[in-house]
Each structure stands twice: as C-alpha cells, then as structure tokens.
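What follows is a set of notes on a single structure, which appears directly below.
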Amino acid sequence: MEPHRWLPLEANPDFLKQLGIHPDWQFVDVYGMEPELLSMVPRPVCAVLLLFPITEKYETFRTEEEERIKAKGQDVKSSVYFMKQTINNACGTIGLIHAIANNRDKMNFETNSSLKKFLEDSLSMTPEERAKYLETYEAIRVTHESSAHEGQTEAPSIDEKVDLHFIALVNVGGHLYELDGRKPFPINHGETSDDSFLEDAIGVCKKFMERDPEELRFNAIALSAA
C-alpha cells in the first residue's frame with residue numbers, strides 16, 4: 001500500500017490559529033544560538049521545534065543512539081505525549097502536535113478546535129494508534145495542506161523527496177524530551193526547568209549541528225508566550 005503523503009510544511013505562524021488555538025502563544029524564530037540572540041526570544045518558552053537535514057551522518061548516529069538506549073534503558077514519564085510518524089512530509093505537523101500536546105494545560109483552545117478534539121480522542125492511544133488516527137483525521141490534514149500552500153516559498157510537489165525533518169523539544173515534569181516520530185520512543189536529554197528550558201533545548205540543537213559541521217540547513221523556532 002502506498003504510504004500517506006502530505007505536502008512539506010514551513011513554519012507558518014497562522015497554523016496555530018487555524019487549528020483553533022488562542023494567540024496567547026506564538027511561534028517565533030530563534031535567530032542564533034548565542035546568549036544575546038536567545039535573549040531576544042520572548043519568555044516563557046514551552047517548546048522548541050528544530051528543522052534539520054537528514055544526512056548519512058545523522059542516520060548513523062540515530063541507529064547507534066537507538067541501540068544504546070535499548071541496551072541501557074532510560075526514564076520516560078508516562079505523561080509524555082508521543083506519536084509515531086507514518087505520513088510522509090507530516091513531520092512539521094507532528095512536531096507541532098508534540099509541542100502543543102505536552103503543553104496542553106497552558107493552551108487556550110477554541111471550543112470547536114480540531115486539534116483539541118484530536119488530543120482528547122488520542123490521549124489514551126499508543127504512539128502507533130495516534131499515527132493511524134492522524135492518517136484519517138481530515139480536519140488537521142486540510143489545515144496542514146492549506147498552511148503548506150501559504151508558506152513563503154512555493155510548496156514542492158507532493159512526491160518530491162524532502163530530506164529536512166522537524167522534531168520537537170519539550171519540558172515534561174522537569175525533563176527535556178526530544179520527540180521525533182521517526183524514532184521508536186522519546187529521548188530524555190536530562191533535567192531542565194521553565195527558566196532554563198530555552199537554553200537547554202538550544203544545547204540539544206547545537207549537538208545536532210556539531211554532528212554535521214558542513215551542513216548549514218538548521219532552523220529553530222520557539223513556542224513563546226505572546
């Protein structure tokens with residue numbers, strides 16, 4: 001069977017509004033990873049989305065990381081909302097769902113919010129069941145498609161192979177988690193706090209960049225209080 005395939009998504013700020021989330025929170029660009037540039041990001045920050053290239057170096061690291069965690073184990077709180085990615089090019093939307101789902105207590109949703117309904121319906125599901133549910137959830141797919149068409153650059157063809165990928169970094173219960181639907185589980189990157197979360201998350205982003213020093217295609221956006 002052909003895999004589900006969506007148009008690749010840009011970091012479109014209207015996407016939150018279209019999903020029925022009040023504008024108390026907004027996605028803002030992180031212009032650089034130095035302290036003075038991070039100080040320009042409005043606080044508090046409750047999630048960071050990282051866009052990065054999937055390269056051979058990264059894929060080698062990903063396989064090694066998975067084997068290491070399976071051998072050693074890690075602590076992941078049961079309250080972490082995590083879903084797998086089964087739809088090609090849906091990583092932007094899944095990153096956004098991860099960011100909102102793990103901060104849903106801070107969000108104000110419109111009563112008819114399609115994302116609120118999706119989260120309520122999928123809360124008791126497994127990561128795999130959530131992925132399957134998203135495949136059939138028309139309201140989010142339609143919003144994703146219209147948002148992809150509204151990006152600043154022309155949307156690529158739906159069949160085009162895109163080697164850029166979004167992940168979400170969130171703080172759940174004082175731990176920083178990397179949520180990537182291509183991975184079998186969340187990655188616990190250690191302790192964090194509301195005050196240090198942005199700097200801690202950017203520290204994780206820097207590791208991605210250090211693994212691929214020749215690559216320039218990295219971009220971070222923060223989910224910040226408006």
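Bear in mind the structure is a predicted one, so any value in this text is a computation, not a measurement.
Put simply, the side chain of V41 reaches to within 4.5 Å of the side chain of S224, judged on heavy atoms. For the pair H165/R182, a side-chain contact is recorded, criterion being any heavy-atom separation below 4.5 Å from C-beta on. Using a 4.5 Å heavy-atom cutoff, the side chains of P44 and W25 are in contact. At least one side-chain heavy atom of L179 sits less than 4.5 Å from a side-chain heavy atom of V80. Using a 4.5 Å heavy-atom threshold, the side chains of Q18 and S114 count as separate. Two residues are said to be in side-chain contact when any heavy atoms from C-beta on lie closer than 4.5 Å; V30 and I202 meet this criterion. Taking the side chain as every heavy atom from C-beta outward, K84 and K183 never approach each other to under 4.5 Å. Two residues are said to be in side-chain contact when any heavy atoms from C-beta on lie closer than 4.5 Å; I54 and L164 fail this criterion.
To the nearest 0.5 angstrom, D29 atom CG is 7.0 Å from I221 atom CD1. For the atom pair CZ of R130 and CD of Q85, the computed distance is 15.5 Å after rounding to the nearest 0.5 Å. Note that CZ of R104 is 11.0 Å distant from CG of L115, once rounded to the nearest 0.5 Å. Taken to the nearest 0.5 Å, the CG atom of L198 stands 10.5 Å off from the CG atom of L169. If you take CG on L134 and OG1 on T86, they are separated by 7.0 Å, rounding to the nearest 0.5 Å. Considering CG of L223 and CD1 of I21, their distance stands at 8.0 Å, rounded to 0.5 Å.
Under the ring pair (Phe, Tyr, Trp, His ring centres under 6.0 Å) rule, H98 has a single partner from Y177, F82, F166, which is F82.
Connection of V45 to M33 is established within a shared hydrophobic cluster, with ILVMFWY side chains joined at heavy-atom distances below 4.5 Å, either directly or through further cluster members.
Other residues, nucleotides and ligands contribute more than 12 heavy atoms inside 6.0 Å of the CD atom of E215. Other residues, nucleotides and ligands contribute over 12 non-hydrogen atoms within 6.0 Å of the CD atom of E36. For M40, the CE atom counts as loosely surrounded, since its 6.0 Å shell holds 12 or fewer non-hydrogen atoms of other residues, nucleotides or ligands. Atom CG of D75 is surrounded by 12 or fewer heavy atoms from other residues, nucleotides or ligands within 6.0 Å.
Residue G95 comes nearest to L49 through the heavy atom pair O-CD2, 3.4 Å, listed as atom of the first residue, atom of the second, then distance.
With respect to E135 and K132, a salt bridge is recorded, a charged nitrogen being found less than 4.0 Å from a carboxylate O. Ion pairing between E64 and R68 fails under the 4.0 Å rule for side-chain N and carboxylate O.
Residues in residues 197-210 take part in these side-chain hydrogen bond (donor to acceptor under 3.5 Å, both in side chains) pairs, two or more places apart or across chains: R43-E199, T192-D200, S196-D200.
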- Task: Test K117 against Y137 for side chain to side chain contact (heavy atoms under 4.5 Å, CB included), laying out the working first.
- Result: CA-CA 10 Å; K117 184 179 184 310; Y137 201 83; 3.4 Å; yes
- Item | Residue pair K116, E120: steps toward the salt bridge (Lys or Arg N to Asp or Glu O under 4.0 Å) verdict | CA-CA 6 Å; K116 181 177 189 238; E120 286 171 350; 3.4 Å; yes
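For an aromatic pair to be called close, the ring centres must be under 6.0 Å apart, and Y58 with F52 satisfies this.
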